[in-house]
Amino acid sequence: MRMVDLIEKKRDGGELSKPEIDFIIQGYTKGTIPDYQMSAFAMAVFFKDMTASERADMTMAMVESGETIDLSAIEGIKVDKHSTGGVGDTTTLVLAPLVAALDIPVAKMSGRGLGHTGGTIDKLESIKGFHVEVTKDEFIDLVNRDKIAVIGQTGNLTPADKKLYALRDVTGTVNSIPLIASSIMSKKIAAGSDAIVLDVKTGSGAFMKTEEDAYKLAHTMVSIGNSVGRKTVAIISDMSQPLGFAVGNAIEVKEAIDTLKGVGPKDLTELVLTLGSHMVCLAKKAKSEEEARKKLIEVIKNGKAIEKFKLFITNQGGDASVVDNTDKLPQAAYKIDISAKKDGFVSEIVADEVGTAAMLLGAGRATKEDTIDLAVGIMLRKKVGDKVEKGEPIATLYSNKKDVEEVTSKIYNSITISDKAEIPKLIHGIVTK
């Protein structure tokens, strides 16, 4: 087999066989296929797409390029959740203990974030003492005993994806449905879950800006998951404005705690219940979404969800007393209100601009080497559709520096106040096949 022949075959719209795709991925991982040929292949895929079987074969080839996590020692059906990203996306912090409170094993592998704010691990490390450095045996024991644990991503999970993603980033081939889908699904499948719930975002703060593209990606990922033996469901959810009110790290942890206590933002609570009900159904702990939702609401009301969160924090070295005293979370030196310049209704909050503003405060990383300030961030005071009066706070900056002129300007530019406003739909749809 020659790489040039396979590039030409895909360039001309041909369908690659599994051995041909394996040859490409194995060769690129080992370094026998150079970047310039892989770039040409990625561009050919970008323009000519892939068939359903090619996408599944590509995904599994990337899974097999490195380690896979064996979770067979964990009792029960392991259901994983993945979000395609967003601003103020606190769902994992709420979902994991909420689902675990129904005796469903949540064996979560998470990473550190590049972008607007930290990843799930960064957020959890806002809690003093919390760590993810546990052995695989400890991880499995914790999930078997208490149904929940979070571990850092292993260095050799899907190495082909790491190489290919870095290459796509500099060759104009990031925005390709088959390449995005195989990248996401390879990591989820390698992480060892039995079933997967996908939260596919759409809107200004999402990777998929249009609903049409979000549906395409969702259908592709669901097709890949189901075809390789992982029951997969995708929820299309709105990211035209930030989810919840908090955009940061410590302040998102506080918002997650509030949500687990039943007093969180309506949109975050609704999304968590939607995603969670599908996780419960896939774990075969309920026969319908309605039954699953009732069970989730019940463990919020009776306190089992927040108690599970406390146990999870304690098990991984954290100070669980933050749940009852959130002032123990990292605190910013300054809290600066940004006030509305006129009366009206909030008609738009550009999610990615708010995210960028949070990053300017120090809440996120531009490079892997950057240090995150866990205390800083932005707390929205209004959501799209809310009435606002001139002089009323529309956002509060949590900052460790006095000079926030650039951030303030960005917030004003991202929030539009008009004479009328329409509340955006949170759940756009569900894809099951």
Side-chain angles (χ1 to χ4, degrees), residues 81-92 94-95 113 115-117 174-175 177 180 184 197-219 221 234-248 251-252 255-256 259 264-275 338 340 344-360 363-364 377-388 393-396 407 409-431:
K81 168 259 173 190
H82 176 80
S83 169
T84 59
V87 181
D89 190 2
T90 319
T91 50
T92 296
V94 183
L95 260 180
H116 303 135
T117 63
V174 168
N175 201 14
I177 296 289
I180 296 166
I184 292 170
V197 173
L198 300 162
D199 179 13
V200 181
K201 304 291 191 184
T202 184
S204 68
F207 190 64
M208 292 289 141
K209 303 295 183 190
T210 69
E211 189 175 296
E212 181 186 1
D213 284 345
Y215 268 106
K216 283 180 185 175
L217 179 59
H219 280 290
M221 291 193 292
I235 285 60
I236 314 289
S237 72
D238 185 69
M239 191 44 75
S240 61
Q241 64 174 329
L243 185 66
F245 291 98
V247 182
I251 60 174
E252 285 190 38
E255 189 164 82
T259 306
K266 287 181 182 178
D267 58 345
L268 175 58
T269 301
E270 176 57 30
L271 180 59
V272 163
L273 290 174
T274 301
L275 295 169
I338 298 176
F345 295 86
V346 176
S347 58
E348 183 181 33
I349 303 177
V350 183
D352 51 359
E353 287 297 303
V354 175
T356 301
M359 193 171 174
L360 290 171
I378 296 163
M379 186 69 75
L380 296 173
R381 299 300 179 188
K382 299 289 180 180
K383 299 281 286 197
V384 173
D386 287 350
K387 187 177 182 180
V388 63
I394 51 174
T396 301
V407 179
S409 176
K410 195 163 275 295
I411 293 296
Y412 275 126
N413 289 336
S414 67
I415 299 178
T416 303
I417 297 173
S418 305
D419 293 334
K420 59 182 181 179
E422 191 175 319
I423 299 171
K425 183 168 60 174
L426 179 65
I427 307 298
H428 291 250
I430 296 167
V431 175

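What you see is a predicted model, and the numbers here were worked out from it, not measured in a lab.
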* Asked: Excluding sequence neighbours, so at least two apart, what forms side-chain contact (heavy atoms from CB on, under 4.5 Å) with Leu360?
  -> Glu406, Val407, Lys410

* Report the residues that fulfil side-chain contact (heavy atoms from CB on, under 4.5 Å) with Ala214, sequence neighbours left out, ordered by chain and then residue number. => Val200, Thr202, Met208, Ile236

* To do: Show your reasoning for whether side chain to side chain contact (heavy atoms under 4.5 Å, CB included) applies to Leu198 and Thr84.
  => CA-CA 8 Å; Leu198 300 162; Thr84 59; over 6 Å; no

* Does a side chain donor of either Ser83 or Lys201 reach within less than 3.5 Å of an acceptor in the other side chain? -> no

* So, do Thr92 and His82 sit near enough that their side-chain heavy atoms are less than 4.5 Å apart? -> no

* Asked: Could you go step by step and tell me if Thr274 and Glu270 meet the side chain to side chain contact (heavy atoms under 4.5 Å, CB included) rule?
  -> CA-CA 6 Å; Thr274 301; Glu270 176 57 30; 3.2 Å; yes

* **side-chain contact (heavy atoms from CB on, under 4.5 Å) involving Asp386 - partner list, sequence neighbours excluded** => Lys382, Lys383

When the side chains of residues 418-429 are checked against the rest of the protein, which donor-acceptor pairs come out under 3.5 Å, sequence neighbours left out?
| unit_1 | atom_1 | unit_2 | atom_2 | d |
| --- | --- | --- | --- | --- |
| Ser418 | OG | Ser347 | OG | 2.8 |
| His428 | ND1 | Glu211 | OE1 | 2.6 |
| His428 | NE2 | Asp238 | OD1 | 3.4 |
| His428 | NE2 | Lys425 | O | 3.3 |

* Return the set of residues passing side-chain hydrogen bond (donor to acceptor under 3.5 Å, both in side chains) with Thr269 (not counting sequence neighbours), or none when no residue passes. => none

* Residues in side-chain hydrogen bond (donor to acceptor under 3.5 Å, both in side chains) with Thr259, at least two apart? -> none

* So, the side chain of Glu348 versus the backbone of Val384: is there a donor-acceptor pair under 3.5 Å, distance only? -> no

* Asked: Between Ile378 and Thr396, is any pair of side-chain heavy atoms under 4.5 Å apart?
  -> no

* Asked: Can you name the salt bridge (charged side-chain N to carboxylate O under 4.0 Å, His left out) partners of Asp213, sequence neighbours left out?
  -> none

